[in-house]
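Reviewing the structure listed below.
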Amino acid sequence: MQALPGFRDFLPDACAARNYIFARWREVARRYCFVEWDGPLLEPTDLYKKKSGAEIIDQLFKFTDKAEREVAMRPELTPTFARVIAAHEREFKKPLKWFSIGQFFRYEKQQRGRLREHFQLNCDIVGEAAPAADIELLALCIDLLRVFGFTEKDFVVRISDREFWTDFLREKDVPPDRWDEVLQVIDKFGRESREKTIEKLGKLANPVLKVLSEGGKSEKLDRLVDGLRDRGLAEFADIDVRIVRGLAYYTGIVFEVFDRAGNLRAIAGGGRYDNLIGLLSNGAISMPAVGFAVGDVVLGELINETPHARGALQRATADDRKIDIYIVIAKEERRADALAQIQQLRDRGYRVDYPLAPMKVARQFQAAEEARAALALLYGDEWPQVKVKNMATGDQRLVPQDRLLAHLQAQPSLSS
Ligand code: HAM
């Protein structure tokens, strides 16, 4: 039996890499003073029908539960977030800055960088309509990639504005109920054949293709890049009106992050969605919001392809697996004494391992080396003294059992 297509087993190395990514995400989100939250994995299917757009509805893992409710595994967090904010908004001071790390499910076509489950870090700011919030989020998004060792040579944030396109469509007398459909076609530009794009756009094809090839001017976007320039981050961003995003709830600036080489799918994406919370509160409240999510799959690919980022991940995950002490049981009569000691050492927070079954002393030292133990403690003929071996220097000394803890506390090579 294998895992379902598009679902991953996380063996220890993959799990260590995942933990490394999550730890960096948390660290950077906290530097920006975002607080962590989470929502349920299962939601009423209707939540996504409100405003996520046709593409995501098509990709839902959905079923009817035993009480005949139509439910779906969450494909993204934003609708849940808007639902939660609509219900609890009064309990929190604005602007509210929240982040969340979780798993999401989309029945995607199998392709590189797109699976049927993935993890995302979502970061959102609610209650601030000024561009300062957009710039803060863009800076956070950039720092979330810089923390892995990437530079402006490795990735770029492409920033655009949905209002640029809605103004354009208004000018061309396209009725508002067709805007989502046109934006979806623009979103797929480059991924779908040119003929198909032209066919779907009809008489709009020529003017839209002109803008897509020549680019567009927007003072609002220039100001965002200026805001990034103030922070020394302008090199990480480009204005690119081809970005419109596939999700239907965005109302203002939108952005996506790509590898500079252009080999991979989007690493992150987001934008402003000033109407979604209002929509989910049935108009009871109106609350501006802006946010983005970065996914683990494409990020993992980029880390793998970039030697310095891959090296940093490998060093960090190897260090994380190092143990403090390996207990060598040279005489089986000493096993009970050794186990009593092991319990005490673990109570003090040391990472301690030992052979579960009798084993030759040489093999035990080999196990200590493989585990990158800082010290090996040998329980044998010298009892009630314990032989303490520094695994890095080879230095050995006998320490009486009752002075062992004090001796270990004075060892700089131990983590606790
Ligand atoms: P999204 O662009 O659909 O945005 O997803 C964000 C990121 O999640 C993508 O850039 C990609 O890295 C990753 N991702 C999405 N689908 C898959 C997949 N099938 N396999 C692997 N990775 C994937 C959103 O989800 C918005 N809710 C983000 C947001 C938050 N907007 C405002 N706040």
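Everything quoted here is computed from the prediction, not taken from an experiment. Atoms within each ligand, like the ligands themselves, are counted from 1 in listed order.
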So, is [X] polar-close to ligand 1, with some N/O to N/O distance under 3.5 Å?
X: Arg106; answer: yes
X: Thr78; answer: yes
X: Gly271; answer: no

Starting from [atom], what is the nearest protein heavy atom, named by residue and atom, and what distance separates them?
atom: atom 8 (O) of ligand 1; result: Gln120 NE2, 3.2 Å
atom: atom 12 (O) of ligand 1; result: Ile267 O, 2.8 Å
atom: atom 14 (N) of ligand 1; result: His118 NE2, 3.3 Å
atom: atom 19 (N) of ligand 1; result: Leu115 O, 2.8 Å
atom: atom 7 (C) of ligand 1; result: Ala293 O, 3.8 Å

Can you check whether [X] reaches [Y] side chain to side chain, under 4.5 Å on heavy atoms?
X: Asp143; Y: Glu27; answer: no
X: Asp161; Y: Val241; answer: no
X: Leu264; Y: Glu305; answer: yes
X: Leu233; Y: Leu138; answer: no
X: Leu140; Y: Phe34; answer: yes

- Tyr250, Tyr273, Tyr107: member with heavy atom nearest to atom 31 (N) of ligand 1: Tyr250

- Item | Ring center gap for Phe99 and Tyr32 short of 6.0 angstrom | no

- Query: Would Phe7 and Phe61 count as a close aromatic pair, with their ring centres under 6.0 Å?
  - Reply: yes

- Charged N-O contact under 4.0 Å between Arg8 and Glu117: yes

Using a 4.0 Å heavy-atom threshold (strictly under), name the region of [X] that reaches ligand 1: side chain, backbone, both or neither.
X: Asp124; value: side chain
X: Leu247; value: side chain
X: Arg114; value: both
X: Tyr249; value: side chain
X: Arg245; value: side chain

- Query: Would Tyr48 and Phe104 count as a ring-ring contact (aromatic ring centres under 6.0 Å, His included) if you check the C-alpha gap in whole Å, the side-chain angles of each, and the deciding distance to 0.1 Å?
  - Reply: CA-CA 13 Å; Tyr48 305 108; Phe104 298 88; 9.7 Å; no

Contact atoms of ligand 1, heavy-atom distance to [X] under 4.0 Å:
X: Ala268; value: 10 (O)
X: Gly291; value: 30 (C), 31 (N), 32 (C), 33 (N)
X: Val297; value: 21 (C)
X: Gly269; value: 10 (O), 28 (C)
X: Asn122; value: 30 (C)
X: Ala266; value: 10 (O), 11 (C), 12 (O)
X: Glu76; value: 25 (O), 26 (C), 27 (N)

- Message: Gln110: which residues meet the side-chain contact (heavy atoms from CB on, under 4.5 Å) condition with it, sequence neighbours left out?
- Response: Pro5, Arg116

- Please work out whether the ring planes of Trp98 and Phe81 are parallel, tilted or perpendicular, with thresholds of 30° and 60°. perpendicular

- Please state whether the rings of Phe155 and Phe150 are parallel, tilted or perpendicular, taking 30° and 60° as the class boundaries. perpendicular

- Query: Is there a heavy atom of Gly113 sitting under 4.0 angstrom from any atom of ligand 1?
  - Reply: yes

- Check: Ala330 main-chain N/O paired with Gln364 side-chain donor or acceptor under 3.5 Å: no

